[in-house]
Amino acid sequence: MPDGLSHPAMPSPARTLRSPEALAEAGLVPAAALPGLRAVSERYAISVTPAVAALIDRTDPADPIAAQYIPRAAELLVSAQELEDPTADHPHSPVKGVVHRYPDRALLKPLLACPVYCRFCFRREQVGPDGGLLSEAELDAALDYFARTPQLREAILTGGDPLMLSPRRLGTIVARLSAIPHIEIIRIHSRVPVADPARVTPALAEALDTEKALFLCVHANHAREFPPPARSALRLLARGGVALLGQSVLLRGVNDSEAALEDLFRAMLASRIKPYYLHQLDRAPGTARFEVPVAEGRRLLRALRGRLTGLAWPVYALDTPGGGGKAPIGPEFATPEGADWVVERPLDGAPYRHAAAEPSPEHSLRDTPQG
Ligand SMILES: *Cc1c(COP(=O)(O)O)cnc(C)c1O
Ligand code: SF4
C-alpha cells in the first residue's frame with residue numbers, strides 16, 4: 001500500500017494528476033492497481049484537479065468524490081447494452097462542432113477538453129485533453145450555421161467544457177452568438193465551477209457578460225462538491241448576471257440515497273443553483289458500476305417530493321439512445337381513471353380524486369351567437 005493511503009491529511013497536490021502513476025504518488029490509488037489502470041489510461045483520459053483531490057477522503061474506500069474521477073480497471077469491460085456514442089451526437093451534426101437535434105436549440109462544441117474526466121461520462125469516447133479544439137475556420141463555420149438557421153433560438157455550449165477556453169476566446173464566441181438576432185438564449189454546460197474553481201476569474205465572468213439571457217448549467221453530483229472556493233466562483237458568476245442551473249447524474253455509490261440527493265440539491269440551492277436535470281446514466285462503455293435502476297430513481301425522487309423545497313425538484317430524464325431526445329421518466333403522481341385523475345398527495349401519500357370538470361356555464365355562453 002503506498003504511503004499516502006495511511007495519511008489522510010496528506011497535503012493535496014499542487015498540480016493536476018493526469019496518470020495512474022501520479023494518482024498513486026498522491027495516495028489516491030494503490031500501487032498494486034497500476035498495471036490495470038495503465039491499460040485504462042491508454043483508452044480514457046484521466047484528470048484530477050487539486051481542488052478535486054482536496055475533497056477526496058483517502059480513508060474512505062467508497063468516497064463519493066473519488067468514485068467519480070478515480071479510474072478502475074473494470075472500465076475496459078463493456079456490456080452488451082453499452083454504446084460508444086449513446087446520445088448519437090454524430091449523425092445529427094450538420095457542421096463540425098454543431099449538434100442540431102431539437103428544432104429550437106443546438107449544441108456548439110468548441111473543444112473536447114474538460115477540467116476532470118468523469119468515469120461515467122456519456123461522451124467518454126470523444127472527450128480528452130488533446131484534439132477537438134475547433135480551428136478558427138471551423139468555429140466560423142459553426143457560428144455561421146447558427147446565424148443562417150433562424151429557427152434556432154438557443155445556443156448550448158458544451159464539449160468538453162467550454163469554460164476551459166481562455167476568457168478571450170470564450171468572450172468572442174459569446175459576443176458572436178449574441179450578435180445573432182434570433183439567438184435569445186446562450187446556455188453553457190460546465191463542471192469548471194466545482195472541479196476547477198480557480199479558472200473562474202473576473203476575466204472569465206466578464207467574457208460571459210451579454211445582453212442575451214445566459215444560463216450556466218453546472219454539473220455536480222455530490223453536496224461535498226460545493227466547498228468555499230466553488231461557492232465563491234459561483235457567486236462571482238451570479239453577480240455578473242449569469243443564471244445558474246444544476247445538472248446531475250444519478251450514480252451508484254455517489255448520490256443513490258434520499259439523504260445524498262437531498263444534500264446535493266440543498267447544496268446547489270445554497271449556491272444559487274436551481275436543479276434542472278437529474279439524468280439517468282447513459283450507457284457509455286465501461287460505466288455499468290454506476291447504474292441505478294429507473295424504478296429506484298423514481299422511488300428516491302418520490303420520497304423527496306413535499307419534504308424538500310419545490311425549488312430543489314429536478315426533471316428526472318433519460319436521453320433516449322439514437323438521438324430520440326431526453327424524456328422525463330417520472331415519478332408521476334397522477335393516474336387516469338376514466339375521465340378522472342387520481343393524484344397521490346405528496347404530504348401523506350393519500351389519493352385525491354380530481355374529477356373531470358362539468359361542462360361550464362361560461363363555455364355554453366361563449367358558444368351562443370350573442371356571446
Ligand atoms: C440535451 C440536449 C439539448 C438540450 O436539451 P434540453 O432539454 O433543452 O436541456 C439540446 N440538444 C441536444 C442534442 C441535446 O443532447
Ligand atoms: S465534465 Fe462532462 S463531458 Fe467532461 S468528462 Fe465529465 S461528464 Fe464528460
Side-chain angles (χ1 to χ4, degrees), residues 16 18 44-49 51-52 65 67-71 75 85-94 97-129 132 145-146 149 151-164 184-196 199 213 215-222 225 245-251 254 274-282 284-287 290 314-329:
T16 296
R18 299 190 181 276
Y44 300 116
I46 294 171
S47 174
V48 176
T49 58
V52 165
I65 308 296
Q68 296 181 62
Y69 306 112
I70 305 299
E75 287 172 37
D85 182 10
T87 56
D89 283 358
H90 212 63
H92 291 80
S93 183
V98 176
V99 182
H100 187 184
R101 187 194 290 158
Y102 295 98
D104 67 337
R105 56 208 191 275
L107 310 183
L108 171 58
K109 300 198 269 188
L111 83 175
L112 290 172
C114 297
V116 280
Y117 293 100
C118 311
R119 308 328 294 173
F120 50 84
C121 176
F122 66 116
R123 284 198 193 116
R124 62 193 326 230
E125 301 288 336
Q126 287 91 44
V127 296
Y145 181 80
F146 281 85
T149 311
Q151 77 264 33
L152 286 176
R153 314 281 288 264
E154 180 176 358
I156 303 172
L157 302 190
T158 175
D161 194 317
L163 296 196
M164 294 294 280
E184 297 165 345
I185 302 169
I186 298 170
R187 195 201 310 180
I188 301 177
H189 284 251
S190 178
R191 210 152 175 27
V192 162
V194 293
D196 199 0
R199 281 185 182 269
F215 289 83
L216 183 72
C217 193
V218 179
H219 173 187
N221 305 309
H222 196 274
E225 291 178 287
L245 300 172
Q247 64 169 342
S248 311
V249 185
L250 181 60
L251 296 168
V254 176
K274 160 77 188 102
Y276 170 50
Y277 271 137
L278 177 65
H279 296 284
Q280 178 66 15
L281 181 78
D282 289 318
T287 61
F290 291 108
V315 173
Y316 181 32
L318 172 76
D319 204 351
T320 54
K326 293 181 189 68
I329 51 171

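Remember, it's 1-based here, ligands and their atoms both numbered in the order they're listed. For reference, positions follow the sequence shown, starting with 1. FYI, side chains are in, hydrogens and waters are out, and symmetry mates aren't considered; it's all heavy atoms of this structure.
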Tyr117 heavy atoms, cut-off 4.0 Å: which ligand 2 atoms fall inside? 5 (S)

Ligand 1 N/O within reach of Lys326 N/O, cut-off under 3.5 Å: yes

Derivation of the ring-ring contact (aromatic ring centres under 6.0 Å, His included) call for Phe122 and His279: CA-CA 11 Å; Phe122 66 116; His279 296 284; 7.6 Å; no

Measure the distance from atom 5 (S) of ligand 2 to every protein heavy atom, then report the residue, atom name and distance (to 0.1 Å) of the closest one. Cys118 N, 3.3 Å

Which atoms of ligand 2 are found less than 4.0 Å from any heavy atom of Val116? 5 (S)

In terms of atom number and element, which parts of ligand 1 are under 4.0 angstrom from non-hydrogen atoms of Tyr276? 6 (P), 7 (O), 8 (O), 9 (O)

Would a 4.5 Å heavy-atom cut-off, applied to side chains only, mark Pro129 and Tyr117 as touching? yes

Side chain, backbone, both or neither: Asp161 near ligand 2, heavy atoms under 4.0 Å: neither

Show which atoms of ligand 1 fall inside a sub-4.0 Å distance from at least one heavy-atom site of Val99. 13 (C)

Tell me the contacting part of His189 for ligand 2: side chain, backbone, both, or neither, using a 4.0 Å heavy-atom threshold, strictly below. neither

Please classify the Arg105 to ligand 1 contact at 4.0 Å (heavy-atom distances, strictly less than): side chain, backbone, both or neither. side chain

In terms of side-chain geometry, is the basic nitrogen of Arg199 or Asp161 positioned less than 4.0 Å from the acidic oxygen of its partner? no

Give me the residue, atom name and distance of the protein heavy atom closest to atom 4 (C) of ligand 1. Ile156 CD1, 3.6 Å

Below 2.8 Å, can you find an N, O or S atom of Cys121 next to atom 6 (Fe) of ligand 2? no

Do Ile46 and Arg119 have side chains that get closer than 4.5 Å, going by heavy atoms? yes

Does His219 have a non-hydrogen atom less than 4.0 Å from ligand 2? yes

Within 4.0 Å of some non-hydrogen atom of Leu107, the atoms of ligand 1 are 10 (C), 11 (N), 12 (C), 13 (C)

Does one side chain, of Arg124 or Thr287, offer a donor that lies under 3.5 Å from an acceptor on the other? no

Report the part of Cys114 in contact with ligand 2, treating N, CA, C, O as backbone and CB onward as side chain, heavy atoms under 4.0 Å; options are side chain, backbone, both, neither. side chain

At under 4.0 Å between heavy atoms, what of Arg187 touches ligand 1? The answer is side chain

